Structures are given as structure tokens and as C-alpha cells.
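Since the structure is predicted, the reported quantities are computational estimates derived from the model, not experimental observations. Residue numbers start from 1 in every chain, and the chains themselves are labelled A, B, ... in the order their sequence lines are given, proteins ahead of strands. Hydrogens, waters and symmetry mates are skipped; everything else that's a heavy atom, side chains included, is used.
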Amino acid sequence: MIEKPRGTRDFLPEETSRRRAVEKKMRDTAERWGYAEIKTPTFEHLELFTLKSGEGIINEIYAFEDKGGRMLALRPEITAPVIRVYIHEMQNRQKPLRLYYFDNCFRYERPQKGRFREFWQFGVELIGGRRDLASFEMIALSVDILRAIGLDDFDLHLGDIFLLKRSITRGNSGLDEEKQRKIFRLIDKKDYNTLNTFLKDEKINGEDLFALLDLKDLSDLGDIEKIFDPDEKDEIEDIQRVLDLLSTYDIHPRLDFSIARGLDYYNGIVFEIYSHGLGAQKQICGGGEYELIELFGGKPESTRGFALGFDRIMEIVKESERDEKKILVVATEECRKDAITLSKELRKRFVVETDLMGRNLKAQLAYANSVGINFAVIVGRKEIEDNRFTLKNLASGEQVYLTLDELIETLGKD
RNA sequence: GCCGAGGUGGGGUAAUGGCCAUCCUGAAGGACUGUGGAUCCUUCGAUCCGGGUUCAAUUCCCGGCCUUGGCCCCA
């Protein structure tokens, strides 16, 4: 027996149906905000991803050489491909550009709860837009999507990488990139003890940084101004405006300047959403403002986006299987052809099955019952002679004797 | 990459160094050739893979694969 590869999953019809239902709600919500779907290739040049995230990530990428000697990679994420497309084909479009995607991604990692080697991301990229308005829209849309699929129990954290960076560069001129990166990593891990020791050893002034990390609530906003006064007035006002706009959607993020999001190209407002009950992998959404376009050689443009971890969301989202009315046309042996003719008619409007097993009437009904068919339409000699059909409601057991038109009308109700 | 737990029919399980590997469920058929869910009967179907120990391994040992909880990482 050949097994499926490590970290991949098969989705049986029931689960696939659940996933589709949730996917559809996400798409509908994004589209209602004016976002249009974009599709990019499943594999790309490896360089696209190393350029964005550094050589170090090759270990966690499904990378391979093709027969022409090209280094390729199964996409580990979709932001970089979207930005690539933007630079090649959409730079001259009118802004803002509202794009969304839903596709599978691949990472060569140790699978665990909520983490697979093939996984799905629903994401959005917003290119252009004034910083405060655009950041508001990103956060509001991500929350709107989660609410649309019935999720309410999550924590939204809002941070600002620009202020975070400034808090350590302001009082420490000439701080090299490597140290800065190490500081960021410790912040992201919330390992403040090690951070404190490191700063002392390196004689780095961490006063502003720790003051910033201490801030938790909206009411602390005034304190930010004290820390940076008056240098970063614009950025602080942006945060204030974003929070104010978010209140129209009844969204009240927690300030959390420990969001470092690891990477250099983030700058400005960032956010993460965490859910409960997912063990170590509790983050279901991450996003913010980033500067990738220049890195890829395009004209600078304000950009931001977010990605939702679809598989993690499916672990916590409540059942939402849609229930379409299903019909089995049940026939006696001599009337099978008539049953098929009737099915052809009914399929114009309904989900209709016919017996393929050569079962007798009783067994056909037993089958219908066990697979959750809602209605049986019985076709036998009597029906053909009368030019009528027997409609049986399998839930109630009620039976009625109807003409074709009446049958369609009855089935079409509710 | 590291630490821990685990792997028996399609799903859920029991047991065992040797005898037809247990039970539930499921599926197919029948009792019942124009009416489902109940009951009874028949049938189908499993010890993850490889090596070792042994007269004999599903059982004990080693390795691999996969799953799972966590660490690292997390674009």
C-alpha cells in the first residue's frame, strides 16, 4: 500500500464539504469589500522566496532542480508571488489594488497540531492607500472574515514595527543589523530576561524599548507620545486613527509592541490574531504593512496584507455543512428507463440519484435512508400508467401521489 | 533537527510467544420479487514496513515509516 506523504492530508467528502463552505464565506466577505481573486503558480523560482526571506529558509522549503537546471520551489507562501505579479503586470493600475488569494502552500517542517507540510492560506494584499485608512481596512477585513465564519473567540493584537525599531535605534546610534535582529527575535519570543541581559552586556539603552513593550491598552496611547515626543508624531497619530476607525466595527485590539513578525521588510502597523484551543499553534492570522516592492525592484508603494491559516481555522470553526435537499428516484426493474427519464427532468433543479446497484425497491429505500436522502420518488408500473409519481418524505414517512408538475412544485418548496 | 506517546479489518476496539486473532460498527447479499429505519442469517475485511531473538513473533529487541503532544522554527 502506498501511503500519502508525511504532513499531507486526504480530505474525505464530508470534510471537503465543510472546508468549501468556510472557504466560500471567506471569499464572499473579501469580495464584498471589493477584493478580487488572484492566482499564481504552485511553484516559482526559488530565488523569489530567498530574496524575501533569506537563504536560511531553504531548509524549510520544498526546493528542487528541474530538468532544465532551474532551481524551483513549491510556494511556501503567496505574498511574494503576488508582489512579483504586481511588479510585472499591474504597477500602472489605479490604486488601491485589492487582491485576495486562497491556495495551498508547502513547507518542509515537522508536522504537528495545526501544522502540515501542505496547508492552505487565505490571504489579502492591499497595494496603495493612505497608511491609516489602509491599515484599518486590513484589520477590519480580517476580523470581518473571522466573524463571517462564526468565530468570535479570539485575541487581536496590534503592534508597530516602525516604532519598535525606532525605540532601539533612537538612543543607540550605530547599532548594527545583526544585533538588531537578535533583539527582535528575543522580543518576539517574549524572552525579556535574556533581552535585558543582552542589552546590558552590549551597553544598549533599552529604556524606550521596555517602556514601549509595557504598553497594553488604548489608554496607554498617551504614554507612547511621551516616549517618542515629538519625533514620531505621524506614526502615533496613525495608530490612533486606526483604532478610532476600528471602533466603528466594534473592534478593539490590544496594543502589543512585542509583535516583531521576524522579518526586516515589515515596517509600520502589524497585527496578529490568536485563537484558543490550538495548542502551540494558536496564531490564526498575521499581517501588517511591509516594504517588499522595492526589494523586488518595483516602484515604492505603500502595501500591506494578511494571511489566515485556513487549516487551523478549520480545527476550531463550528460545523457548517450546508444541507442540500437530496432525492433518490426509486424504480422497479421494469421502470428503470422511466426513472432515468424522470431524473433527467428533476436534475434541472435538484440533486438526484438513481439506483446503480440493481437493487429491489425495498433495498433502494433502505439505501436512501442510510445515506441521508431526503425524498424518494417511486416509479413503477402503476405510476407510469397513471402518469403520476409517488413522492415519499423519508423523514416523516408521508407519501403523496403527484403529476410531474406537482412533484417539481412540491420539491421546490422551502 | 531534538524529547515523549503511539500504530490490530473502512471506523472503533479486545487479546495473545503457538490453536480459526475478540467484539461493536460498516459494507454486500438474503429471510422479504411495490415501500426505508427493527430483528435474524450469510459473506467480506486487520496485527505499518524491514531486520533480529526463537522450534515458533501480531506479541520481545533494533531500525525505518507514519500519526500524535511539546521544543526549535514559523515567511
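If you find the closest nucleotide of RNA chain B to Ala363(A) and to Ile378(A), the one lying nearer the 5' end belongs to Ala363(A).
Within 4.0 Å of Ala366(A), counting heavy atoms only, lie sugar-phosphate atoms of the nucleic acid but no base atom. At a threshold of 4.0 angstrom between heavy atoms, the contacts of Gln283(A) with the nucleic acid are absent. Glu383(A) comes within 4.0 angstrom of a nucleotide base, judged by non-hydrogen atoms across all strands. No engagement by Tyr367(A) is indicated, since no non-hydrogen atom pair under 4.0 Å with the nucleic acid exists. Within 4.0 Å (heavy atoms only), Glu60(A) reaches at least one base atom of the nucleic acid. Within the 4.0 angstrom heavy-atom criterion, no nucleotide atom of any strand lies near Gly372(A). Residue Lys52(A) is classed as a sugar-phosphate contact, given heavy-atom separations below 4.0 Å to backbone atoms only. Counting non-hydrogen atoms under 4.0 angstrom, Gly286(A) reaches nothing in the nucleic acid. Residue-level contact check: Lys382(A) touches the bases, meaning some heavy atom is under 4.0 Å from a base atom.
Nearest to the side-chain atoms of Asn369(A) among the listed nucleotides G37(B), A75(B), G34(B) stands G37(B). Checking U35(B), C71(B), G36(B) against the side-chain heavy atoms of Arg110(A) singles out C71(B) as nearest. Nearest to the side chain of Lys113(A), among G29(B), G70(B), U67(B), sits G70(B). Checking A27(B), A75(B), U67(B) against every side-chain atom of Ser370(A), the shortest atom distance belongs to A27(B).
In this structure, Gln112(A) atom CD and C2(B) atom C1' are separated by 12 Å, rounded to whole Å.
Judged by distance alone, with hydrogens and angles left aside, Arg115(A) brings a side-chain donor or acceptor within reach of the base of C74(B), the pair sitting under 3.5 Å. With hydrogens and angles ignored, no donor-acceptor pair closer than 3.5 Å exists between the side chain of Glu333(A) and the base of G34(B).
Only the P atoms considered, G52(B) is 27 Å distant from U16(B), to the nearest whole Å.
Salt bridge present: Arg98(A) and Glu137(A) bring a charged side-chain N and a carboxylate O closer than 4.0 Å.
For the pair Arg117(A) and Phe106(A), the cation-pi test (distance below 6.0 Å, angle within 45°) is failed. Judged by the 6.0 Å and 45° rule, Lys382(A) forms a cation-pi pair with Tyr401(A).
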